[in-house]
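FYI, side chains are in, hydrogens and waters are out, and symmetry mates aren't considered; it's all heavy atoms of this structure. Numbers restart at 1 for each chain; the letters A, B, ... are given by sequence-line order, proteins then strands.
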Protein chains: 2
Amino acid sequence: MIVLNPLFSKLDGKMPLGQEERAALAGLIQSKARRLPARQDLYVEGDAISPIRIILDGWACRYEQFADGRRQIVELFLPGDIMGQDCQFVERQDHSACSISALSYALVPRSELDAVARQFPAIGQALLWDASVAAAIHRQWIRSLGRLSATQRIAHLFCELLYRSARAGLARGTTFDMPMGQRDLGDARGLSTVQVNRTVQLLRSAGLLEWRRRIVEISDLPRLTRIAMFRPNYLELAPDSELLMSRSDTGPEIAARTGPEDRDLPLFR
Amino acid sequence: MIVLNPLFSKLDGKMPLGQEERAALAGLIQSKARRLPARQDLYVEGDAISPIRIILDGWACRYEQFADGRRQIVELFLPGDIMGQDCQFVERQDHSACSISALSYALVPRSELDAVARQFPAIGQALLWDASVAAAIHRQWIRSLGRLSATQRIAHLFCELLYRSARAGLARGTTFDMPMGQRDLGDARGLSTVQVNRTVQLLRSAGLLEWRRRIVEISDLPRLTRIAMFRPNYLELAPDSELLMSRSDTGPEIAARTGPEDRDLPLFR
DNA sequence: CGTGCCGTTGAACTTGGTCAAACGGTGTGG
DNA sequence: CCACACCGTTTGACCAAGTTCAACGGCACG
């Protein structure tokens, strides 16, 4: 039987489900599992609307394709995330989606998910909660792309991905699996691969993180958090998360300023 | 009695409501109207969650405040838009919101809106549809901030605002009310006011639009659309909208490339 | 052992930011 | 009525972050 550990792990923080609800969701995805290699399109712009996908393993993304070959990733999906819930009213996709790593997901017809959500109101609430967190992440991306420097944008995304991995039960301490390449990172942050590379080198040499062979370890989370002006509250982490224990005491009121000890590093604006 | 013309006008395109539903919504906002001068905060980061606001007249926005005084607008609200629907699960706001122009809105407790949505499923569906369009707008903002030049970003926002004004029944042809200043425009597009000014001048001198005293007239919508690589489909306009009649025949598959006649203009990337 | 992708590095270039000052309309008080 | 302050817009000069182009190295894979 297929299990939904990343999804349950994520929900346990704020919207825990009972045994019945878990069983209902698990039953929903029975015999609906699909697999896809890395870097394959799930759908492209103009395609008919597709069923909902619950990510079981691997990463995926939504992106906007440009005529000149460039692209912009607009949303990332980690295990436990739900794709396409917000597209029930359009007939055709206005964007594309692809796998980042090898992917395993459940393809659930909208009608079936709706039926389960009606039968178990807690599931309906959990879906709404998940959508509201996704919207909060969108707002943070806009903030990041609009006003942060390249260094801060990359740092912010690493912070976000660490916390999201941890929520899904996929991080060990401050280490997590990072299936994106530097090109993907640039497509998500609106940066060239060259700039991504230079920035990652900077973060590495500043002792903030290590990244080798798909494994990222955040070596100095408090400092990375400060540099990125990252405030994890929008992700609504479980209050007992070990990551929150070690967080730097930035006031919640206003986006944190970088500390004086970061002034010497270039590109930190 | 207060009417909700902008909201109904918006919904009429894709999710029209019957007389009963309209009356129910109208009754909901009775005696709940509020007024606010321009540039006043509705709430700030850290505030307790507030009831839902249905914009009746004027513009508002959500924004992220930085410690150094800069800010990033992450969402714009026009008449007929609904604020705060996606915040029902958090206790504290993770961002701020303020009026742009003088504002008139209805302050509706979430419980009452939910009750009406349960009683009239069409209203519930309409709310979901509205949220899905808001999410699509978010994705377009990310695309815009991530990969478009300053000229394209500004042009894209003008296109979006024209279409959204038209949907709300607030545009006459290609003319609409624009209560944002150039500083606000920069805060929404992640640009400095200086750059906004130069860009607006460029668009003006290219004969693409006129903007005087809060009134914007798009003089050459097809060309502005092409320059901005704007595809209106994500806004889910009513199929009979006059704006769609005049649209340039960009293929829906791939974001349009700027035409050759725009190559001579600077900053069009 | 070639081939291709990804990461890395250097150099020239361009966009947009920063700083500073002037301009123009509007409201206010003398 | 005029002087003044204030606010948003406009303009110029300079600067810096990030892009583009190009080449090279390493590693995986066929």
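- One axis for each end of the helix from dC1(C)-dG30(D) to dG30(C)-dC1(D), each built from five base pairs, and the angle between them comes to 30° at 10° resolution.
- The pair Arg231(A)-Glu45(B) meets the salt-bridge criterion, with a side-chain N (NZ, NE, NH1 or NH2) lying under 4.0 Å from an Asp/Glu carboxylate O.
- Not counting sequence neighbours, the partners of Arg164(B) by the salt bridge (charged side-chain N to carboxylate O under 4.0 Å, His left out) test are Asp81(B), Glu160(B).
- Here the two rings, on His95(B) and Tyr43(B), have centers that are under 6.0 Å apart.
- Nearest nucleotide to the Ser149(A) side chain, out of dG16(C), dG18(D), dT20(D): dG18(D).
- In summary, the aromatic rings of Phe230(B) and Phe158(B) are positioned with their centroids too far apart to meet the 6.0 Å limit.
- Straight-line distance from the CE atom of Met178(A) to the C1' atom of dG7(C): 14 Å, rounded to whole Å.
- Applying the ring-ring contact (aromatic ring centres under 6.0 Å, His included) criterion to Phe77(A), with sequence neighbours excluded, gives no partner residue.
- Figure legend: cation-pi geometry between Arg189(B) and Trp141(B), with NZ or CZ positioned under 6.0 Å from the six-membered ring centre and within 45° of its axis.
- Evaluation of the side-chain hydrogen bond (donor to acceptor under 3.5 Å, both in side chains) rule for Gln140(A) yields Arg143(A), Glu64(B) as partners, not counting sequence neighbours.
- Between Arg39(A) and dC6(C) there is a side-chain polar atom (N or O) within less than 4.0 angstrom of OP1 or OP2.
- For Tyr63(B), there are no ring-ring contact (aromatic ring centres under 6.0 Å, His included) partners two or more places apart in sequence or in a different chain.
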What string of B, S and - do you get for nucleotides 11-16 of chain D 5' to 3' if you count protein non-hydrogen atoms under 4.0 Å?
BBB---
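- The aromatic rings of His138(B) and His138(A) sit parallel, their planes meeting at an angle under 30°, below the 60° perpendicular limit.
- When rounded to the nearest whole Å, the span between CD of Gln195(A) and P of dT14(C) equals 18 Å.
- To the nearest angstrom, P of dG17(C) lies 10 Å from CZ of Arg70(B).
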Extract from the structure each pairing of a protein N or O with an N or O of nucleotides 23-30 of chain D at less than 3.5 Å, listing the distance.
none

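- With sequence neighbours excluded, the residues satisfying side-chain contact (heavy atoms from CB on, under 4.5 Å) with Arg34(A) are Tyr105(A), Leu107(A).
- Rounding to whole angstrom units, CZ of residue Arg214(A) and P of dC5(C) are separated by 18 Å.
- Atoms CG (Leu191(A)) and P (dT20(D)) sit 11 Å apart, rounded to a whole Å.
- Atom CZ of Arg189(A) and atom C1' of dT19(D) are 19 Å apart (whole Å).
- For Ser205(A) (side chain) and Gln201(A) (main-chain N/O), a donor-acceptor pair under 3.5 Å exists by modelled atom type.
- Using a 4.0 Å cut-off on heavy atoms, the residues of residues 179-188 of chain B that approach DNA chain D are Gly181(B), Gln182(B), Arg183(B), listed by number.
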Can I get a per-line list of side-chain donor-acceptor pairs under 3.5 Å for residues 170-181 of chain A, giving both atom names and the distance, sequence neighbours left out?
unit_1: Thr174(A); atom_1: OG1; unit_2: Ile218(A); atom_2: O; d: 2.8
unit_1: Asp177(A); atom_1: OD2; unit_2: Arg214(A); atom_2: NH2; d: 3.1

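- Taking atom CZ of residue Arg212(B) and atom C1' of nucleotide dT10(D), one finds them 17 Å apart after rounding to whole Å.
- Separating the CG atom of Leu148(A) from the C1' atom of dA17(D) is a distance of 14 Å, rounded to the nearest angstrom.
- In this structure Asp94(A) satisfies the salt bridge (charged side-chain N to carboxylate O under 4.0 Å, His left out) test together with Arg139(B), sequence neighbours excluded.
- Not counting sequence neighbours, the partners of Arg39(A) by the side-chain hydrogen bond (donor to acceptor under 3.5 Å, both in side chains) test are Asp184(A).
- Between dG18(D) and Arg147(B), no contact under 4.0 Å exists linking OP1 or OP2 to a side-chain N or O.
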